[in-house]
Amino acid sequence: ASVGKSEAFAIQIDGDNTFRLVHLKSGKSTLSTGKATRTGNRLKLASKDGLTLNCTVTWLSAKAFQLAINDAKGKPTAKLEFKKQG
């Protein structure tokens with residue numbers, strides 16, 4: 001998911017329900033890992049450092065989805081569009 005010219009996110013969710021989320025900004029990267037839990041279109045990402053993101057997934061096509069990051073009341077605070085690479 002691109003956010004402007006110098007910022008992007010990439011996510012990988014594996015079959016064992018673990019995830020890797022990479023944030024790239026101005027040439028510097030940050031990696032978060034942890035547990036992913038999906039119920040319907042809801043996705044919860046609980047990182048090993050204690051941060052939890054409650055998200056809503058909307059499929060845009062077979063190779064693209066929108067990830068809305070929700071606040072405590074379930075309202076979206078940010079939306080990212082991910083596209084499968086390769």
Side-chain angles (χ1 to χ4, degrees):
S2 293
V3 184
K5 290 183 179 181
S6 64
E7 188 174 8
F9 291 87
I11 189 168
Q12 177 178 330
I13 300 174
D14 295 317
D16 63 354
N17 294 326
T18 58
F19 76 90
R20 293 176 21 171
L21 178 67
V22 177
H23 178 220
L24 179 64
K25 185 173 183 177
S26 301
K28 296 184 180 186
S29 65
T30 305
L31 173 66
S32 296
T33 61
K35 181 93 170 157
T37 308
R38 183 174 170 212
T39 305
N41 70 337
R42 303 285 183 184
L43 179 66
K44 179 179 177 179
L45 302 174
S47 71
K48 291 180 180 178
D49 63 6
L51 178 66
T52 299
L53 296 176
N54 292 300
C55 308
T56 303
V57 176
T58 303
W59 287 98
L60 305 173
S61 71
K63 294 185 178 187
F65 66 93
Q66 180 184 74
L67 185 71
I69 301 168
N70 302 321
D71 65 13
K73 295 181 181 179
K75 304 257 183 192
T77 59
K79 293 181 181 180
L80 300 168
E81 286 189 18
F82 288 87
K83 295 178 184 171
K84 185 175 181 178
Q85 299 298 307

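Both backbone and side-chain heavy atoms feed into the values below; hydrogens, waters and symmetry mates do not.
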S.K.: Would you check, one step at a time, whether the test side-chain contact (heavy atoms from CB on, under 4.5 Å) holds for Thr58 with Phe65?
M.R.: CA-CA 6 Å; Thr58 303; Phe65 66 93; over 6 Å; no
S.K.: In the single-linkage hydrophobic clustering (I, L, V, M, F, W, Y; side-chain heavy atoms under 4.5 Å), do Val3 and Ile11 co-cluster?
M.R.: yes
S.K.: Any link between Phe82 and Val57 through a network of hydrophobic side chains (Ile, Leu, Val, Met, Phe, Trp, Tyr) touching at under 4.5 Å?
M.R.: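 Same hydrophobic cluster.
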S.K.: Do Leu43 and Trp59 land in one hydrophobic cluster if side-chain heavy atoms of ILVMFWY residues count as linked below 4.5 Å?
M.R.: yes
S.K.: Determine, step by step, whether Glu7 and His23 satisfy the side-chain contact (heavy atoms from CB on, under 4.5 Å) criterion, reporting the C-alpha distance in whole Å, the side-chain angles of both residues, the deciding distance to 0.1 Å, and the verdict.
M.R.: CA-CA 7 Å; Glu7 188 174 8; His23 178 220; 2.7 Å; yes
S.K.: Can you measure from CZ (Arg38) to CZ (Phe19) and round to the nearest 0.5 angstrom?
M.R.: 15.5 Å
S.K.: Do Leu24 and Leu21 sit in one hydrophobic cluster, given that two such residues count as connected whenever their side-chain heavy atoms are within less than 4.5 Å of each other, even indirectly?
M.R.: no
S.K.: When you compare the side chains of Thr37 and Asn17, does any donor N or O come within less than 3.5 Å of an acceptor on the partner?
M.R.: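 Their side chains do not contain a donor-acceptor pair, so the 3.5 Å distance test is not met.
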S.K.: Could you measure the distance from the CD1 atom of Ile69 to the SG atom of Cys55? Nearest 0.5 Å is fine.
M.R.: 5.0 Å
S.K.: Under 3.5 Å, side chain of Asp16 to main-chain N/O of Thr18, donor-acceptor pair present?
M.R.: yes
S.K.: Are Thr52 and Lys44 close enough, and set up right, to give a side-chain contact (heavy atoms from CB on, under 4.5 Å), and what steps lead you there?
M.R.: CA-CA 7 Å; Thr52 299; Lys44 179 179 177 179; 3.6 Å; yes
S.K.: In Å and rounded to the nearest 0.5 Å, what is the CG to CD distance from Leu60 to Gln66?
M.R.: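 It is 6.0 Å, given to the nearest 0.5 Å.
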S.K.: Quick one: do Thr77 and Asn70 satisfy side-chain contact (heavy atoms from CB on, under 4.5 Å)? Show the steps, please.
M.R.: CA-CA 5 Å; Thr77 59; Asn70 302 321; over 6 Å; no
S.K.: Do the side-chain N and O atoms of Thr56 and Arg42 include a donor-acceptor pair separated by under 3.5 angstrom?
M.R.: yes
S.K.: Find out if a path of hydrophobic residues (ILVMFWY) with successive side-chain heavy-atom gaps under 4.5 Å connects Ile13 to Phe9.
M.R.: yes
S.K.: So does Gly4 get a backbone contact from the side chain of Ser2, meaning a donor-acceptor N/O pair under 3.5 Å?
M.R.: no
S.K.: Quick check against the 3.5 Å criterion: does Gln85 have a side-chain atom that pairs as donor or acceptor with the backbone of Lys83?
M.R.: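 Yes; at least one donor-acceptor contact below 3.5 Å.
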